[in-house]
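Here the structure is a predicted model, which is why all the values come from computation and not from measurement. Numbered from 1 within each chain, the chains take letters A, B, ... in sequence-line order.
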Amino acid sequence: MINPEIAAVFDEIADLLELTGGDRFRVNSYRKAARSIEDLTEDVADLANRGELKKIPGVGKGTAERIMQYLKTGRIHVHQELLESIPRGLPELLTVPGLGPKKVQALHRELGVGSMADLEAVIADGRAEKLPGFGKKSVEKIAEGLAFLKRSAGRTPLGAVLPLAEGLRDAVREFAGVRRVEIAGSARRGCETVGDIDLLCIAEDGEQVVKSFTELPEVTGVRAAGETKGSVLVAGPIRGEIQVDLRVVPEESFGAALQYFTGSKEHNVRLRELAVKKGWKLNEYGLFEGDRPIAGREEAEIYEKLGLRPVPPELREDRGEIECRGETPRLVSLADLKGDMHVHSTASDGRSTIEEMAEAARQRGYSYLAICDHSKSSVIANGLDEARLLRHIQDIRAAGKRINGLTLLAGIECDILANGKLDYSDDVLAQLDWVIASIHSAQQQDRASLTRRSIAAMENPYICCLGHPSGRLLGRRDAMNLDWDEIFAAAARTGCALEVSASWQRLDLKDVHIRQAIDAGCRFAISTDAHSTEQLDQMPLGVQTARRGWATADDVLNTWPESRLREWIAARRKAGR
DNA sequence: GCCGTTTTCGGCCCGACTGTTTTCAGTCG
């Protein structure tokens, strides 16, 4: 997949143009093209072969030609020219909070600053402070920005950030005069990682609320504190620091503000364009005709006035939700789920017993639960050999008889071995109700081998679901190098489901792949891969990920009643024999 | 550089906060 590479080049062209004082609309159009290419699930090279580059939103004649240049020669003329005229280290300076294109230009032009090290030097010796437009305070801000960059947590997995965000939300709720607080931003959209935390509240005295916010015990630094907005730093849940923004709005603007601060930026720009076309203006205070507000209290009325059905937060990415005027499919929701199809027990590496997991699932309102411990090759995870597995199946069935109102499915997470074979024979797999096949070893194999292994597993009629298909761990391990077109085609052809792991470290499949798989005709199982009862509560993250992939309840087989699920499993086995 | 039910040119989203200002530019989201 060459897309990320090309997107990065276009992003750098945008940075470089900005640094040379290029036309800002031209800069924007490079950024837009970069983002579109990044979002594509299809390889740009394939589109180019079919002469369909201009079908990519934001790609016109010029950009299409530049993509062709890159595909043929590995470089783009304008990019090379810009690189030659601008010092290598300059674009990086744009990442420093407090430094934008104008200030970087001035630093370069007046003081010859061309790198982070140069920047630190001119701050230290006081020369930066003397530049026109600079001053003691702004240079202090830049120095703080540099320090933050070194301590920054970067993008953090949503599942790790949520407890922190919810804690801060609850703290703000206790402030005097605060009537409502919500988490907005990428956390509300269910993005797999977040860069900062956005909070929004209703209160009359904004200044007082912002002051209380900056004085919270968690706060390690204050970026800004005004009458309607505060911006602070707190310790990140995994490492470094993370920024938290609080906005205070009046009640009659809350819907508009929630819409605005939920984003995404690209989605908002599209909405504002719609407003402008109707002769109106949209901002965080409402939708206005002249000075007269025509919507703002409720988020939904903003969309409706603009001629759209209200768009679920997970779909607000400018990935087609505007074009279909908000007429998106009815997305799967947590309430639709009837069971968790992948949990472990103390039989392998789980921390809770079969009975404890079953009881916890029952309490969460599920009607079935698949116990899927590790197979024998996962030695580190205490995987089950054939003899232990057969006893384990009996244990699951016995536990199932003891619990009321919940069906226990005897399952396994069967390793797909390095040679492509499964960890058990078909005779053994046939004893089970539900079988997941996962790759846990030899993840560094080449693309063809990994793809072949995954497909071979899906072709076995006893395999119901491909577990955490990409194998990625957010921020820790990249996805395996797989041919997704082939994987999804095979899943659709064989009928094997694909897992959407709700585990916050995984979220695997990810949103854009889910959408691509739906288009290919695939089905899914959303599961937590819980290793203890409390991890069952990660399910909402998996549901949000599926929603971001535009999945409906019918696409997800653990929304089905048990009878339909069992029929589906039986039919698949029958067809495969 | 892109784009079109204001279409082949002339637009292109909007406001808060800060600092250096003397009325506003730069940055950020």
(request) Output yes when a side-chain donor or acceptor of A/Thr545 lies under 3.5 Å from a complementary backbone atom of A/Lys510, and no otherwise. (result) no
(message) Counting only heavy atoms and a strict 4.0 angstrom limit, can you tell me which residues of residues 103-134 of chain A come near DNA chain B?
(response) A/Lys103, A/Gly133, A/Phe134
(request) Report yes or no: do A/Arg506 and A/Ser501 form a side-chain donor-acceptor pair below 3.5 Å? (result) no
(request) May I ask you to decide whether A/Arg472 forms a salt bridge with A/Asp478, counting only side-chain N to carboxylate O separations under 4.0 Å? (result) no
(request) Report yes if a side-chain nitrogen or oxygen of A/Lys102 is closer than 4.0 Å to either non-bridging phosphate oxygen (OP1 or OP2) of B/dG26; otherwise report no. (result) yes
(message) Rounded to whole Å, how long is the line connecting atom CZ of A/Arg270 with atom C1' of B/dG4?
(response) 13 Å
(request) Determine the sole option in A/Val219, A/Val248, A/Val244, A/Val222 for which the side-chain contact (heavy atoms from CB on, under 4.5 Å) test with A/Phe213 is passed. (result) A/Val244
(request) Can you sort out the partners of A/Glu65 under side chain to side chain donor-acceptor pair (under 3.5 Å), two or more places apart, ordered by chain and number? (result) none
(message) Just the rounded figure in Å: distance from P of B/dA16 to CG of A/Leu200.
(response) 14 Å
(message) Under 4.0 Å, counting only non-hydrogen atoms across every strand here, what does A/Val210 touch: a base, just sugar-phosphate, or nothing?
(response) nothing
(message) Run the side-chain contact (heavy atoms from CB on, under 4.5 Å) test against A/Asp555 and tell me which residues pass, sequence neighbours left out.
(response) A/Ile518, A/Phe524, A/Ala551, A/Thr552
(request) List in numerical order all residues of residues 217-226 of chain A for which some heavy atom is under 4.0 Å away from an atom belonging to DNA chain B. (result) A/Ala224, A/Ala225, A/Gly226
(request) Could you give the distance separating B/dG1 and B/dT6 at their P atoms, to the nearest angstrom? (result) 28 Å
(request) Sequence neighbours left out, what passes salt bridge (Lys or Arg N to Asp or Glu O under 4.0 Å) with A/Arg189? Give chain and number order. (result) A/Glu317
(request) Could you work out the separation of B/dT18 and B/dT23 based on their C1' atoms and round it to a whole Å? (result) 15 Å
(message) Under 4.0 Å, heavy atoms only, any strand: does A/Leu99 hit a base, just the sugar-phosphate, or nothing?
(response) sugar-phosphate
(message) Here's a test of your reading of the structure: between A/Asn268 and A/Lys277, which maps to the more 5' nucleotide of DNA chain B?
(response) A/Lys277
(request) For the pair A/Arg31 and A/Glu12, find out whether any cationic side-chain nitrogen is under 4.0 Å from an anionic carboxylate oxygen. (result) no
(request) Could you tell me which non-hydrogen atom of A/Gly195 sits nearest to which non-hydrogen atom of A/Ser186, and how far apart they are? (result) N-OG, 4.5 Å
(request) For DNA chain B, determine which residues of residues 232-257 of chain A have any heavy atom closer than 4.0 angstrom to one of its atoms, and list them numerically. (result) A/Gln243, A/Arg247
(request) Give me the residues of residues 20-47 of chain A where at least one heavy atom lies under 4.0 Å from an atom of DNA chain B, by number, or none. (result) A/Asp23, A/Phe25, A/Arg26, A/Ser29, A/Tyr30
(request) Look at A/Ser231 and B/dC28 and indicate whether a side-chain polar atom (N or O) is within less than 4.0 Å of OP1 or OP2. (result) no
(message) Between A/Glu327 and A/Arg309 (salt bridge meaning N to carboxylate O under 4.0 Å), is one present in this structure?
(response) yes
(message) With a cut-off of less than 4.0 Å, is there a side-chain N or O of A/Lys141 near OP1 or OP2 of B/dC17?
(response) no
(request) Return the 5'-most residue of the pair A/Lys54, A/Trp280 with respect to DNA chain B, ranking by each residue's nearest nucleotide. (result) A/Lys54
Donor-acceptor list for residues 196-210 of chain A side chains, cut-off 3.5 Å, not counting sequence neighbours:
| unit_1 | atom_1 | unit_2 | atom_2 | d |
| --- | --- | --- | --- | --- |
| A/Asp205 | OD1 | A/Glu207 | N | 3.4 |
| A/Asp205 | OD1 | A/Gln208 | N | 3.2 |

(message) Looking at A/Thr228, I'd like to know whether one of its side-chain N or O atoms comes within less than 4.0 Å of OP1 or OP2 on B/dC17.
(response) yes
(request) State, yes or no, whether a side-chain contact exists between A/Trp484 and A/Thr41 at a heavy-atom distance under 4.5 Å. (result) no
(message) Taking the C1' atom in each of B/dC14 and B/dT8, what is the distance between them to the nearest angstrom?
(response) 29 Å
(request) Would you verify whether the NZ or CZ of A/Arg223 falls within 45 degrees of the ring axis of A/Phe148 while also being under 6.0 Å from that six-membered ring's centre? (result) yes
(message) In whole Å, I'd like the distance from the CD atom of A/Glu266 to the P atom of B/dG29.
(response) 14 Å
(message) Between C1' on B/dT18 and CD1 on A/Ile142, what's the gap in Å once rounded to a whole number?
(response) 12 Å
(message) Under a 3.5 Å cutoff, is there a donor and acceptor pairing between the side chains of A/Gln544 and A/Asp511?
(response) no
(message) I want to check something: taking the side chain as every heavy atom from C-beta on, are A/Trp280 and A/Arg292 in contact at a cut-off of under 4.5 Å?
(response) no
(message) Taking pairing as Watson-Crick or G-U wobble with both contacts under 3.5 Å, can you name the mate of B/dT8, or confirm there isn't one?
(response) none
(request) Have a look at A/Gly98 and say if it touches a base, only the backbone sugar-phosphate, or nothing, with a 4.0 Å heavy-atom cut-off. (result) sugar-phosphate
(request) With P as the reference atom in both, quote the distance from B/dC3 to B/dC13 in angstrom, rounded to an integer. (result) 14 Å
(message) Rounded to whole Å, please give me the gap between CD in A/Glu144 and P in B/dT18.
(response) 12 Å
(request) Measure from the side-chain heavy atoms of A/Glu273 and tell me the nearest of B/dG29, B/dG19, B/dC13. (result) B/dC13
(message) We want to know whether A/Ser36 and A/Asp39 form a side-chain donor-acceptor pair, criterion being a heavy-atom distance below 3.5 angstrom.
(response) no
(message) Tell me the interatomic distance from A/Leu149, atom CG, to B/dC28, atom P, rounded to whole angstroms.
(response) 11 Å
(message) Looking at B/dC2, I'd like to know if its phosphate oxygens (OP1 or OP2) sit under 4.0 Å from a side-chain N or O belonging to A/Thr63.
(response) yes
Identify each donor-acceptor pair in which a side-chain atom of residues 50-57 of chain A lies under 3.5 Å from a protein atom, sequence neighbours left out, and give them as a table.
| unit_1 | atom_1 | unit_2 | atom_2 | d |
| --- | --- | --- | --- | --- |
| A/Arg50 | NE | A/Glu52 | OE1 | 3.2 |
| A/Arg50 | NH1 | A/Glu42 | OE2 | 2.9 |
| A/Arg50 | NH2 | A/Glu42 | OE2 | 3.1 |
| A/Arg50 | NH2 | A/Glu52 | OE1 | 3.0 |

(request) Quickly work out the A/Arg155 CZ to B/dG29 C1' distance and round it to whole Å. (result) 13 Å
(request) Tell me which nucleotide among B/dT20, B/dC14, B/dC28 gets nearest to the side chain of A/Lys137. (result) B/dT20
(message) Once salt bridge (charged side-chain N to carboxylate O under 4.0 Å, His left out) is applied, what residue pairs with a partner in residues 241-264 of chain A remain, sequence neighbours excluded?
(response) A/Arg151-A/Glu241, A/Arg179-A/Glu251, A/Arg247-A/Glu284
(message) Below 4.0 angstrom, which residues in residues 282-307 of chain A have at least one non-hydrogen atom near DNA chain B?
(response) A/Leu282, A/Asn283, A/Glu284, A/Tyr285
(message) Given B/dG19, B/dT27, B/dC14, identify the nucleotide with an atom nearest to the side chain of A/Lys281.
(response) B/dC14
(request) For nucleotides B/dC12 and B/dC17, find the distance between their P atoms and express it as a whole number of Å. (result) 26 Å
(request) Let me know the distance between CD of A/Glu140 and P of B/dG19, rounded to the nearest Å. (result) 9 Å
(request) Determine the interatomic distance between C1' on B/dG26 and the same-named atom on B/dT21; round to the nearest Å. (result) 12 Å
(message) I need the full list of ring-ring contact (aromatic ring centres under 6.0 Å, His included) pairs touching residues 70-100 of chain A, with sequence neighbours left out, sorted by first then second residue.
(response) none
(request) Can you tell me, in whole Å, how much space there is between the P of B/dT27 and that of B/dT20? (result) 13 Å
